[in-house]
Amino acid sequence: MNKFRVEIDKQACQSFGACIELCPEFFKFSDIDSKSSIEGAEKISDKGAVVAERLELEELKCIKEAAEACPFNAIHITNLKTEEHLI
Ligand code: SF4
């Protein structure tokens, strides 16, 4: 069972790039909106625009470091077991 949920808030993301620099294994700039994107993530849309991306996974690896480095607080992590919001 997956232990964590990672979400990028596309409206908060300002394409600063810290997450991509620190964790290129997961994050890359989207060709569509030039904002941060997670490979294989579910896209959450509202009125035709992608407003968030969501991915559940077993291990955070470099994702926590990337989320902590985001100056716009656009990456959120939830522990699925405890429902605790880590970031
Ligand atoms: S560090 Fe934050 S603002 Fe910069 S690209 Fe990543 S999610 Fe977007």
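Positions are given from 1, in the same order as the sequence printed here. Note that this is a predicted model, so its numbers are computed, not measured. Whatever order the structure lists them in is the order used to number ligands and atoms, beginning at 1.
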How many angstroms lie between atom [atom1] of [X] and atom [atom2] of [Y], to the nearest 0.5 angstrom?
X   : Y   : atom1 : atom2 : answer
E39 : L55 : CD    : CG    : 10.0 Å
S30 : K35 : OG    : NZ    : 10.0 Å
S15 : F72 : OG    : CZ    : 9.0 Å
F27 : I38 : CZ    : CD1   : 4.5 Å

Which heavy atom of E53 sits nearest to which heavy atom of S36, and what is that distance?
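Smallest heavy-atom distance, with atoms named: OE2-O, 4.4 Å.
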Scan the side chains in residues 57-67 for donor-acceptor partners under 3.5 Å anywhere in the protein, sequence neighbours excluded, and list what turns up.
from: K64; atom 1: NZ; to: E68; atom 2: OE2; distance (Å): 3.1

Relative to atom 8 (Fe) of ligand 1, how many protein N, O or S atoms have a separation of less than 2.8 Å?
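Considering protein N, O and S only, atom 8 (Fe) of ligand 1 has 1 within range.
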